[in-house]
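Input: a single structure, listed below in structure tokens.
Here is how names work: the chains are called A, B, and so on, in the same order as the sequence lines, proteins then strands, and each is numbered from 1.
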Amino acid sequence: MIVGQKCKRNRMDINTMNSHTTVNGEVRVRMAPSPTGFLHIGGARTALFNWLFAKHHHGKFILRIDDTDIERSTDESMHEIYEAMQWLGLDWDEGGEKGGPYGPYLQSERKEVYDRYVGELLASNHAYHCYCTSEELEEIRTEAREAKSTRSYDGRCKELSSEVIEKYIADGRKPTVRIKMPETSILVDDLILGSRNIDPATLEDEVIVRSNGMPNYNLTSIIDDVEMNITHVIRGTEHLNNTPKQIAIANALGLSLPQFAHIPLVLDDSGRKLSKRHHGDLVAVNRYREQGYLPEAMLNFVARLGWSYDDKQEIFSLEDLIDKFDLARVGKSGSVFDIKKLEWLNSHYINQLDVSRRTDAVIPYWQAEGLIDSIEDREKLEKIVEAVGERLNTLKDIVPQTSYFFSDDFEFDPKATKKWWGSSDEKKQKTYEILTNLSQILEDTPDFGLDTIESLVWKYTDENDIKRVAAMQSMRIALTGLSFGPSLFDIVVLLGKDEVLKRLQKAIVSLS
RNA sequence: GCCCCCGUCGUCUAGCCUGGCCAAGGACACCGCCCUUUCACGGCGGCGACACGAGUUCAAAUCUCGUCGGGGGUACCA
């Protein structure tokens with residue numbers, strides 16, 4: 001087959017396929033994480049695409065836990081994944097701790113199902129026991145590589161004599177079970193990548209049951225997909241090479257296949273797959289939650305990684321996504337995780353929140369920092385949030401933006417003082433005078449309302465030929481320690497007369 | 001090594017199937033200007049890509065071939 005043609009034909013296929021699958025019965029998709037760590041960005045996107053596909057087609061979204069690796073799977077991780085999914089709002093119809101008609105949904109609890117199929121495979125001579133030790137396998141692999149073979153296991157246990165088997169057993173060797181790969185090529189049909197034929201000579205007799213009796217991913221995955229009536233397997237392209245293996249297993253068992261859709265990977269800025277192993281909790285969904293990212297932003301962001309609707313829309317509500325999501329518009333190449341764009345979306349969604357809800361969202365971050373211990377002064381908190389306005393990229397940004405409202409125990413930012421208070425004695429003297437005068441003016445006014453203060457300050461600057469910006473920035477630093485932030489008069493009013501005078505005094509002292 | 005996949009601005013992408021409407025459009029980022037009491041917001045503008053080479057064609061980002069580049073897999077992980 002000619003490569004280019006395959007690519008181009010693909011989209012046509014998708015369109016027709018989608019319309020078919022929509023009509024033919026209920027769509028059932030699944031997310032099948034292995035509980036060996038937190039949910040990461042890539043996993044969240046896989047979950048979202050599955051969820052959107054289900055919602056769009058009024059189907060079911062199933063959460064299955066692929067925990068056949070009993071060594072590495074943990075309960076804690078499983079619950080962390082549930083939590084992350086729930087936070088994102090990706091609810092599931094079956095599975096997880098919720099159960100359902102096709103349960104159990106934990107693979108570790110489904111061993112008898114797999115055993116049944118493995119028995120079948122063994123009986124029909126589609127699988128065989130392999131007694132090789134890991135050292136032997138390692139050797140076989142090395143040799144195969146040197147010989148430039150397309151396989152790394154030679155199938156030597158396929159035809160073992162009963163004497164040899166008895167000897168192995170007497171030696172205490174515990175066998176694995178391997179699937180026998182077919183002679184004929186395997187057709188892999190993918191909704192995103194198109195279809196192709198895989199030469200079985202490039203496939204080896206995969207281990208489907210470990211020597212400890214626990215079956216492996218390639219077996220359990222396809223069996224459960226079939227058993228649970230999954231219609232579409234939507235997963236990352238890291239599984240692309242597993243697909244022909246799984247198809248071979250299903251074929252040997254005479255099972256009918258789900259449709260496959262492999263979505264391209266989410267990459268880091270050097271183009272490598274995002275993974276727990278290499279990127280740590282930098283890619284953990286829960287970390288973004290803690291940093292003050294909104295689920296709407298995460299979802300919107302991750303949806304646009306590999307998927308697009310048209311050439312204009314960037315902001316998508318969840319309803320919008322459900323409405324518009326289509327596998328036909330998922331691209332084939334990987335997408336780099338760009339945190340700047342996430343931040344942009346996050347600030348957008350934070351700004352969408354009204355002041356009350358934004359205040360609710362931000363309170364935990366104040367509390368975590370010990371800036372507030374109760375929320376009694378709700379009205380004041382809301383006023384602070386209102387003053388901060390659109391200056392938050394993350395909810396956590398509320399801390400550096402507002403900590404001075406809660407404590408006068410701050411340093412004057414050296415860069416700010418250098419620029420606005422001045423570095424020469426002469427300049428400092430001038431600042432000293434301005435702040436002293438302003439302090440006097442503010443002390444003298446009986447009305448501490450915003451408009452009054454504003455006109456008093458400007459009257460002073462204009463009459464004395466002082467640049468407004470110089471006076472205001474000097475005062476801002478005195479009151480907050482910073483050179484940036486909300487409108488100065490908002491700050492003055494919110495701080496209150498006593499506090500303002502106190503802080504001005506402190507600045508004046510430090511200037512003298 | 002072997003197998004598989006991918007390749008449009010720095011990044012996410014539209015366009016590719018159905019060649020001409022594309023001297024390639026949008027968004028994020030970056031830079032500049034405007035607004036302005038600072039910072040942000042907003043407005044305006046700028047920078048910036050069809051990986052390369054052949055072929056087909058009157059015409060190619062779009063079709064074909066090759067090269068190069070990147071990635072994934074290669075486990076008794078998933």
Side-chain angles (χ1 to χ4, degrees), chain A residues 2-5 7-13 15 32-34 36 66-69 71-73 130 132 134 137 141 144-152 174-178 188 193 196 198-199 201-204 207-212 214 216-218 220-221 235-242 244 262 264-265 267 269 271-273 301 304-315 331-338 340-345 347 351 388-393 401 416 420 454 457-458 461 467-473 475-477 482-489:
Chain A
I2 300 158
V3 179
Q5 272 180 355
C7 302
K8 294 306 172 185
R9 193 173 303 151
N10 174 31
R11 279 213 167 153
M12 268 184 339
D13 293 350
N15 293 329
S34 70
T36 54
D66 284 9
D67 60 346
T68 54
D69 187 347
E71 316 272 300
R72 294 196 304 147
S73 296
C130 170
C132 295
S134 30
L137 290 172
R141 261 196 296 273
R145 184 175 268 238
E146 275 166 14
K148 303 196 175 189
S149 162
T150 56
R151 280 179 165 155
S152 54
K174 296 264 187 272
T176 60
V177 178
R178 286 182 186 269
V188 177
L193 266 8
R196 71 219 143 91
I198 302 298
D199 181 355
T202 65
L203 265 19
E204 53 213 36
V207 169
I208 54 173
V209 182
R210 298 171 171 90
S211 55
N212 68 5
M214 189 55 89
N216 255 335
Y217 172 74
N218 279 312
T220 61
S221 178
R235 63 191 1 169
T237 40
E238 70 265 31
H239 291 299
L240 194 55
N241 293 311
N242 289 323
H262 287 93
L265 301 173
L267 314 169
D269 52 17
R272 293 187 178 276
K273 180 178 109 172
F301 172 70
R304 286 286 289 98
L305 251 30
W307 173 85
S308 66
Y309 177 64
D310 59 16
D311 61 345
K312 9 186 101 69
Q313 192 174 356
E314 290 290 343
I315 307 288
K332 298 191 216 175
S333 47
S335 331
V336 174
F337 173 86
D338 178 13
K340 286 289 189 184
K341 186 161 180 190
L342 209 209
E343 275 180 17
W344 170 70
L345 282 165
S347 69
N351 296 341
V388 169
E390 298 188 334
R391 271 168 268 250
L392 303 176
N393 281 333
Q401 282 283 353
W420 296 105
E454 183 175 314
V457 171
W458 285 355
T461 55
K467 278 188 182 162
R468 286 180 175 187
V469 65
M472 303 199 66
Q473 282 299 79
M475 181 147 72
R476 174 187 297 281
I477 294 162
L482 305 168
S483 60
F484 61 86
S487 173
L488 182 64
F489 297 118

Q | Spacing of the C1' atoms in B:rG71 and B:rC76 (rounded, Å) | A | 27 Å
Q | Gap in Å between the two C1' atoms, one belonging to B:rU8 and one to B:rG26, rounded | A | 13 Å
Q.
Taking A:Leu203's backbone N and O only, do any of them form a donor-acceptor pair with A:Arg151's side chain (distance below 3.5 Å, no angle check)?
A. yes
Q.
Looking at A:Arg72 and A:Asp69, is there a salt bridge between them, counting it only when a charged N and a carboxylate O are closer than 4.0 Å?
A. yes
Q) Does a distance-only test, which skips hydrogens and angles, find a donor-acceptor pair under 3.5 Å between the side chain of A:Asn242 and the base of B:rA78? A) yes
Q. What about A:Thr176, does its side chain sit under 3.5 Å from the base of B:rC76 through a donor-acceptor pair?
A. no
Q: Under 4.0 Å between any heavy atoms, over every strand shown, what does A:Ser487 touch: base, sugar-phosphate, or nothing? Just pick one.
A: base
Q: With heavy atoms under 4.0 Å as the rule, sort A:Pro244 into base, sugar-phosphate or nothing.
A: nothing
Q: Whole angstrom is fine here: how far is it from CG in A:Leu342 over to C1' in B:rU11?
A: 13 Å
Q: Under 4.0 Å between any heavy atoms, over every strand shown, what does A:Leu488 touch: base, sugar-phosphate, or nothing? Just pick one.
A: base
Between protein and nucleic acid, restricted to nucleotides 1-3 of chain B and to nitrogen or oxygen atoms under 3.5 Å apart, what atom pairs and distances do you find?
| unit_1 | atom_1 | unit_2 | atom_2 | d |
| --- | --- | --- | --- | --- |
| B:rG1 | O6 | A:Arg145 | NH2 | 3.0 |
| B:rG1 | N1 | A:Arg145 | NH2 | 3.1 |

Q.
Using only modelled atom types and a 3.5 angstrom limit, is any donor from either the side chain of A:Ser483 or the base of B:rU38 paired with an acceptor on the other?
A. no
(Q) Regarding A:Gly236, tell me which of base, sugar-phosphate or nothing describes its non-hydrogen contacts under 4.0 Å with the strands shown. (A) nothing
Q: Name the nucleic acid region contacted by A:His239, choosing base, sugar-phosphate or nothing; use a 4.0 angstrom heavy-atom cut-off, strictly under.
A: base
Q: Measure from CZ on A:Arg272 to P on B:rG7 and round the result to the nearest Å.
A: 19 Å
Q) When rounded to the nearest Å, what value does the distance between P atoms of B:rA24 and B:rU64 take? A) 24 Å
Q) Between B:rA59 and B:rG20, how far is it from one C1' atom to the other, in whole Å? A) 6 Å
Q: Could you pull out all residues at least two apart from A:Arg145 that satisfy salt bridge (charged side-chain N to carboxylate O under 4.0 Å, His left out)?
A: none
(Q) Does A:Phe489 reach a base, just sugar-phosphate, or nothing at all? Heavy atoms under 4.0 Å. (A) base
Q) Which part of the nucleic acid, if any, lies within reach of A:Gly271 when heavy atoms closer than 4.0 Å are counted: base, sugar-phosphate only, or nothing? A) sugar-phosphate
Q: Could you tell me whether A:Glu314 contacts a base, only the sugar-phosphate backbone, or nothing, with contacts defined as non-hydrogen atoms closer than 4.0 Å?
A: base
Q) Are A:Arg178 and A:Glu204 ion-paired here, with the side-chain N under 4.0 Å from a carboxylate O? A) no
Q: Look through every strand shown and name the nucleotide pairing with B:rG7 as Watson-Crick or G-U wobble, where both distances are under 3.5 Å.
A: B:rC68
Q: Could you measure between the two C1' atoms, the one in B:rG19 and the one in B:rU56, and give it in whole Å?
A: 11 Å
Q.
Under 3.5 Å for both donor-acceptor distances, Watson-Crick or wobble: does B:rU56 have a partner, and if so which one?
A. none
Q: Can you tell me, in whole Å, how much space there is between the P of B:rA61 and that of B:rC16?
A: 14 Å
Q. Who pairs with A:Asp66 by side chain to side chain donor-acceptor pair (under 3.5 Å), at least two apart in sequence or on another chain?
A. A:Arg64, A:Gln107
Q: Find the distance A:Asp199:CG to B:rC5:P and express it as a whole number of Å.
A: 13 Å
Q.
Please pick, from B:rC39, B:rG10, B:rU37, the nucleotide with the shortest atom-to-atom distance to any side-chain atom of A:Arg391.
A. B:rC39
